[in-house]
Amino acid sequence: MTFTFRPLDPLKDAELLHAWVTHPKAAFWMMQDARLEDVERAYMEIAADDHHHALLGLQDGVPAFLMEKYDPAHRELVGLYEPQPGDVGMHFLTPATDTPVRGFTRAVITAVMAYLFEDPTVQRVVVEPDVSNTAVHALNEAVGFVPEREIQKPEKKALLSFCTRDQFLSARGVAV
């Protein structure tokens with residue numbers, strides 16, 4: 001599977017995002033009760049933030065998933081760990097579907113990681129999924145993430161995990 005990325009347009013993409021983030025299978029996104037205006041507002045705030053960016057992943061030009069990247073020294077993890085130069089935080093969401101494609105979500109997280117590591121300043125990707133989200137923990141491990149510890153965020157208990165460029169390449173079977 002081949003994916004491309006484009007910046008999310010908070011107004012143009014709001015209806016699509018709203019359907020994705022309010023679906024019961026997106027419970028860990030914590031926007032189940034969001035109205036369309038709430039989604040627009042949340043992504044307008046991200047669009048205006050120098051330290052947080054939202055992108056749509058496209059498959060054959062069609063929106064297929066959401067990816068956010070953020071600077072953990074300024075967003076999400078401030079005060080919860082000691083950020084290193086070259087750290088970037090990441091979230092991704094694959095929408096619920098009635099016709100799942102085997103290996104799709106793993107292909108998405110692999111593409112997201114490859115996209116992040118295209119930036120030579122990125123040395124390590126940081127994630128903080130809910131501790132009970134075992135499906136994403138397995139996906140994270142498959143692309144090279146190593147859990148460090150549980151942390152308490154305001155909205156959840158999270159598993160702080162890291163993946164260096166070498167860990168990602170090694171997980172993909174690329175000699176480092």
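Remember, predicted model here, so these are calculated numbers, not experimental data.
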Group every Ile, Leu, Val, Met, Phe, Trp and Tyr by side-chain heavy-atom contacts under 4.5 Å, then state whether Val146 and Val143 land in the same group.
no
Donor-acceptor under 3.5 Å (Gln123 side chain, Pro120 main chain)
yes
Could you check whether atom CZ of Arg106 has more than 12 heavy atoms from other residues, nucleotides or ligands sitting under 6.0 Å from it?
no
hydrophobic_cluster_shared for Val131 and Leu80, side chain cutoff 4.5 Å:
no
Donor-acceptor under 3.5 Å (Asn133 side chain, Asp130 main chain)
no
Give the C-alpha distance, both sets of side-chain angles, the deciding distance and a yes or no for side chain to side chain contact (heavy atoms under 4.5 Å, CB included) between Lys153 and Ile151.
CA-CA 6 Å; Lys153 295 185 67 190; Ile151 58 172; 4.1 Å; yes
Residue pair Ala111 / Phe3: nearest heavy atoms and the distance that separates them:
CB-CD1, 3.6 Å
Check whether Arg6 reaches the backbone of Leu58 with its side chain - one donor and one acceptor, N or O, closer than 3.5 Å.
no
Side chains of Thr105 and Phe92: does their closest heavy-atom pair fall under 4.5 Å?
yes
Is atom CD of Glu141 surrounded by more than 12 heavy atoms (other residues, nucleotides or ligands) closer than 6.0 Å?
no
Write down the atom of Glu82, the atom of Arg124, and the distance for their closest heavy-atom approach.
O-NH2, 4.3 Å
Under the side chain to side chain contact (heavy atoms under 4.5 Å, CB included) criterion, do Leu11 and Met44 qualify, and how do the steps go?
CA-CA 8 Å; Leu11 297 177; Met44 290 290 284; 4.2 Å; yes
Verdict with supporting geometry, Tyr70 and Asp49, side chain to side chain contact (heavy atoms under 4.5 Å, CB included)
CA-CA 9 Å; Tyr70 64 90; Asp49 189 332; over 6 Å; no
Answer with yes or no whether the side chains of Asp166 and Thr164 bring together a donor and an acceptor at under 3.5 Å.
no
Return the CZ to OG distance between Arg165 and Ser170, rounded to the nearest 0.5 Å.
14.5 Å
Side-chain donor/acceptor of His52 to backbone N/O of Glu68, under 3.5 Å:
no
Shared ILVMFWY cluster between Val125 and Val78, side chains joined below 4.5 angstrom?
no
With side chain to side chain contact (heavy atoms under 4.5 Å, CB included) as the test, would you mind laying out the steps for Leu160 and Leu77 before giving the verdict?
CA-CA 9 Å; Leu160 182 67; Leu77 294 168; 4.0 Å; yes
Under a single-linkage definition using a 4.5 Å side-chain heavy-atom cutoff for Ile, Leu, Val, Met, Phe, Trp and Tyr, are Val126 and Phe145 assigned to the same hydrophobic cluster?
no
Any side-chain heavy atom of Val112 within less than 4.5 Å of one from Phe65?
yes
Less than 4.0 angstrom from a charged side-chain N to a carboxylate O is my criterion; do Lys69 and Asp119 meet it?
no
Taking the side chain as C-beta and beyond, is there a heavy-atom pair between Arg172 and Met113 under 4.5 Å?
no
Closest non-hydrogen atom pair, Ile46 against Ala54
CG2-N, 3.7 Å
I'd like to know if the side chain of Gln59 and the backbone of Pro63 have a donor-acceptor N/O pair within less than 3.5 Å.
no
Test item: Asp71 side-chain N/O and Ala73 main-chain N/O as donor-acceptor pair under 3.5 Å
yes
Mind listing the closest non-hydrogen atom pair of Tyr43 and Leu66 along with its distance?
OH-CD2, 3.3 Å
Which of Leu116, Leu56, Leu93 passes side-chain contact (heavy atoms from CB on, under 4.5 Å) with Met67? It is Leu116
Shortest non-hydrogen pair, Pro72 vs Gly89, comes out as CD-N, 3.6 Å
Are side-chain heavy atoms of His137 and Pro129 found at a separation under 4.5 Å?
yes
How about Tyr81 and Phe162: are their ring centres within less than 6.0 Å of each other?
yes
Considering all heavy atoms, the nearest Pro10-Ala14 contact:
O-CB, 3.1 Å
What is the distance from atom CG of Leu159 to atom OG1 of Thr134, rounded to the nearest 0.5 Å?
11.5 Å
Is there a path of hydrophobic side-chain contacts, each under 4.5 Å between heavy atoms of I, L, V, M, F, W or Y residues, that connects Met90 with Phe104?
yes
Under 6.0 Å from the NZ atom of Lys157, do we count more than 12 heavy atoms belonging to anything else shown?
no
Under 3.5 Å, is there a donor-acceptor pair between the side chain of Asp38 and the main chain of Arg35?
yes
